[in-house]
Protein chains: 2
Amino acid sequence: MSVTIKDIARESGVSYSTVSKALNNSPLVKPETKKKVLETASMLGYTPNFAAKNLVSKKSRTIGLVWPAIDRIALTALVSKINGLVTAENYFMILSVDEADKAIGMFKGFQVDGVMIFEEGRETMLHSDVFSSIPILSYGVSGDHVYPIIDVNHKKAIHLAVRHLIELGHTSLSYIGDATPGDKRQTEKLNGFYEAMENAGLTVHENSIGNTKGLSWYDGYLAAKNLLKTSKPTALISGSYDISVGVLRAAKELKIRIPEDLSVISYDNIPQMASLETELTSVGVPIEQLAKKMVASLLTLIEKPDSISLTQLMEPKLALRKSAKSLQKHL
Amino acid sequence: MSVTIKDIARESGVSYSTVSKALNNSPLVKPETKKKVLETASMLGYTPNFAAKNLVSKKSRTIGLVWPAIDRIALTALVSKINGLVTAENYFMILSVDEADKAIGMFKGFQVDGVMIFEEGRETMLHSDVFSSIPILSYGVSGDHVYPIIDVNHKKAIHLAVRHLIELGHTSLSYIGDATPGDKRQTEKLNGFYEAMENAGLTVHENSIGNTKGLSWYDGYLAAKNLLKTSKPTALISGSYDISVGVLRAAKELKIRIPEDLSVISYDNIPQMASLETELTSVGVPIEQLAKKMVASLLTLIEKPDSISLTQLMEPKLALRKSAKSLQKHL
DNA sequence: TTGTAAGCGTTATCAA
DNA sequence: TTGATAACGCTTACAA
């Protein structure tokens, strides 16, 4: 049986509404009373019951984060950052690794004030009544969503990568990533590649595109092995951190040195890029920016639900590391 | 304003207590009434309010998982597994990436039925009143804890690794890991190394121990680089997945081939070992076993809190992959 | 400045 | 088989 405000009231000789006020630091209670109440509270080891609190206040100062693909490690740093920002705003954050609909159902039950969704692959289809009843923000890809999305300008990210490689003198570029039609985020990247190549007046050969058909490192590994055996590009762009891990494995097995024999730029601008066997030059929105924008947007959405907040496109940046080299030096 | 059982009651023309019973599939309501209630409930888009539910039932069928070090990827697979098992038992699971005391406070507020802690590094010091009021299970290291712990026989794990390397003909073994005194889990591993070496009649030279003084890949990288430059072991045991990542980087830079020039066995028996540039032979408790034991233990603890459940030591296993090779073949 | 009492959405007990 | 009603722990008018 845990301690309630009534216990504190009895113990400190005041009414329990006074205790409530004291605990909430209301200016309506005398400092001495407040002090006494606070003391007995901590003496008794009181912890508030959110269930009761949320029930009456209809607020929980908690946001829920849906993150079914925890094994996709590109996002861990982002999650930590978001947690920090949310904490600074005096909110709690709870995570669920369940699928979006189940997770949101649970979060709603817990009366969370808002939900963030980290989509992976296909877009989450939610019942229309869900996102009308609770602020939802998705880190996904713009589409015909009914809820706001923080999105990355994926095309531009790939443009950046292509341009950088061309500046380094490369003309024989390949792209490796997931081209499964359902996944807009991934197809955007691929389209960005085609576009950038066309803009530069370069042709994309059929066998210079590697379709990983998935997002795990192993998908990347298989596709890279296949691609690097059949064509000999001097530069390669990879669609994600995990895929890059596979690319590195494949390159190693084929005795292709990076960047000496092959320049690589990976999508995903995250710190982990520096921990790979070869530090990978990468493109993407820096996670600090992403985290800030996401938290700010969701909190605005929570505080004034009427504010129309549309899809927001974040600008990617190029992070130079050690995997892309000028072609001249290869000669 | 969301839908409550009172709305359903009004709409379907019964009392709200009947609605409650119908929703909970009580045998006390006539099937037709039940049907009607259920229909109007889904028509209205009803979702139960856990806050209210938990308030009266004092149960939430939810367990909280404290996981501050989400960037330590060795645990992602374990978390997924645990979530699956917990779901199968009709529980929810929520995660927090906050520090243990904050997270537990929050979880208690949400009335979770039990808490799992994934410790990292130093042991979490909790106020004694915390673990007396809620079932807590920790995946940590046995010590003078007041709450039960699922622990791994770390010493034995390292023994296994040493024995395997000796069987392969190695006599010049090194260990690389965190030897910071505060972290029992890590020091156990190191002690296991000393023990196993002594048992085998082999001496441990001072410079064949690499102290990473931390658990990140970079700590491993620095320590490995230092160690491999000053001594030339034929085999190396690494204290964790992340440290191994650093070891691989260091080896590569020093042009040391694995396993040709150096056999490596890593602690942590997880699937990710297979995704490294060299698939690492590893030792540790298979995560399926770990997950099962943890979930079973916590649920028992929740269902009968009086059951004395002590620290449980799980048995590690050796998982053969490609990083340890017979010394004969080196010659 | 403090206390009384209503009410948040449920479940559970008891009476009808 | 159904319906009142108390209770869960808390916040918040409103009264004292």
Side-chain angles (χ1 to χ4, degrees), chain A residues 1-38 40-41 44-62 105-113 133-134, chain B residues 1-38 40-41 44-62 105-113 133-134:
Chain A
M1 199 54 206
S2 52
V3 185
T4 74
I5 54 172
K6 292 192 181 174
D7 299 320
I8 304 176
R10 194 180 334 102
E11 203 66 25
S12 53
V14 295
S15 80
Y16 70 84
S17 74
T18 304
V19 172
S20 172
K21 285 169 200 149
L23 256 23
N24 289 292
N25 202 20
S26 157
L28 297 173
V29 301
K30 212 165 33 174
E32 329 159 29
T33 338
K34 196 179 289 184
K35 185 156 167 265
K36 187 176 57 184
V37 168
L38 258 31
T40 56
L44 263 37
Y46 169 77
T47 43
N49 182 324
F50 292 5
K53 215 170 192 156
N54 301 347
L55 184 57
V56 28
S57 71
K58 306 218 172 214
K59 291 238 153 293
S60 60
R61 280 202 92 79
T62 301
M106 175 178 72
F107 285 154
K108 277 191 71 179
F110 279 116
Q111 309 292 105
V112 304
D113 297 337
S133 62
I134 188 173
Chain B
M1 198 54 209
S2 52
V3 185
T4 75
I5 54 172
K6 291 192 181 174
D7 299 319
I8 304 175
R10 195 178 335 101
E11 202 66 25
S12 53
V14 294
S15 79
Y16 71 85
S17 73
T18 303
V19 172
S20 172
K21 285 169 200 147
L23 255 23
N24 289 290
N25 201 20
S26 157
L28 296 175
V29 300
K30 218 169 24 180
E32 330 159 30
T33 334
K34 195 179 289 183
K35 186 158 166 262
K36 187 175 57 186
V37 168
L38 259 31
T40 55
L44 262 38
Y46 169 76
T47 43
N49 183 323
F50 292 6
K53 216 169 191 157
N54 300 348
L55 182 56
V56 31
S57 71
K58 307 217 173 215
K59 291 237 152 292
S60 60
R61 280 202 91 79
T62 301
M106 175 178 72
F107 285 154
K108 278 190 71 180
F110 279 117
Q111 308 292 104
V112 305
D113 298 336
S133 63
I134 189 172

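On a predicted model such as this, the values are computed, not experimentally measured, just so you know. Every heavy atom of this structure was used, including side-chain atoms; hydrogens, water molecules and symmetry mates were not. So you know, we letter chains A, B, ... as the sequences are listed, proteins then strands, and number each from 1.
- Atom pair B:D7:CG and C:dC8:C1' shows a separation of 13 Å (rounding to whole Å applied).
- Regarding B:K58, its NZ atom lies at a distance of 14 Å from the P atom of D:dA7, rounded to whole Å.
- Heavy-atom distances under 4.0 Å link DNA chain D to A:N24 of residues 24-35 of chain A, given in residue order.
- Residue A:T18 is the one, among A:A52 and A:T18, whose nearest nucleotide of DNA chain C lies closer to the 5' end (criterion: closest heavy atom).
- One finds no side-chain N or O of A:S20 lying less than 4.0 angstrom from the OP1 or OP2 phosphate oxygen of D:dC10.
- Inter-axis angle, ends of the helix from C:dT1-D:dA16 to C:dA16-D:dT1, five pairs per end, rounded to 10 degrees: 50°.
- In this structure, A:N54 places its CG atom 13 Å from P of C:dG9, rounding to the nearest Å.
- Atom CZ of A:R10 and atom P of D:dG9 are 11 Å apart (whole Å).
- Interatomic distance, A:F110 CZ to B:N54 CG, rounded to the nearest 0.5 Å: 6.0 Å.
- Here the C1' atom of nucleotide C:dA12 and the NZ atom of B:K59 are 16 Å apart, to the nearest Å.
- Residue A:S57 is out of contact with every strand shown, counting any heavy-atom pair closer than 4.0 Å.
- Scanning atom types as modelled, no donor and acceptor separated by under 3.5 angstrom connect the side chain of B:S15 and the base of D:dA4.
- Straight-line distance from the CG atom of A:N49 to the C1' atom of D:dT11: 13 Å, rounded to whole Å.
- OP1 and OP2 of D:dC8 both lie 4.0 Å or more from every side-chain N or O belonging to B:K53.
- For B:I5 and D:dG3, the CD1 to P distance is 13 Å, given to the nearest whole Å.
- The CG atom of B:N24 lies 6.0 Å from the NZ atom of B:K53; values are rounded to the nearest 0.5 Å.
- We find the NZ-OG distance between B:K58 and B:S60 to be 12.5 Å, quoted to the nearest 0.5 Å.
- Within the 4.0 angstrom heavy-atom criterion, base atoms lie near B:K21.
- Nucleic acid contact class of A:F50 (heavy atoms, under 4.0 Å, all strands): none.
- With C:dG3, C:dG7, C:dA12 as the choices, the nucleotide that has an atom nearest any side-chain atom of B:S17 turns out to be C:dA12.
- Spacing between atom CZ of A:R61 and atom P of D:dT11 amounts to 14 Å, rounded to whole angstrom units.
- Regarding contacts with the backbone of D:dC8, every side-chain N or O of A:Y16 stays at 4.0 angstrom or more from both OP1 and OP2.
- The backbone N or O of B:S26 sits less than 3.5 Å from a side-chain atom of B:K34, completing a donor-acceptor pair.
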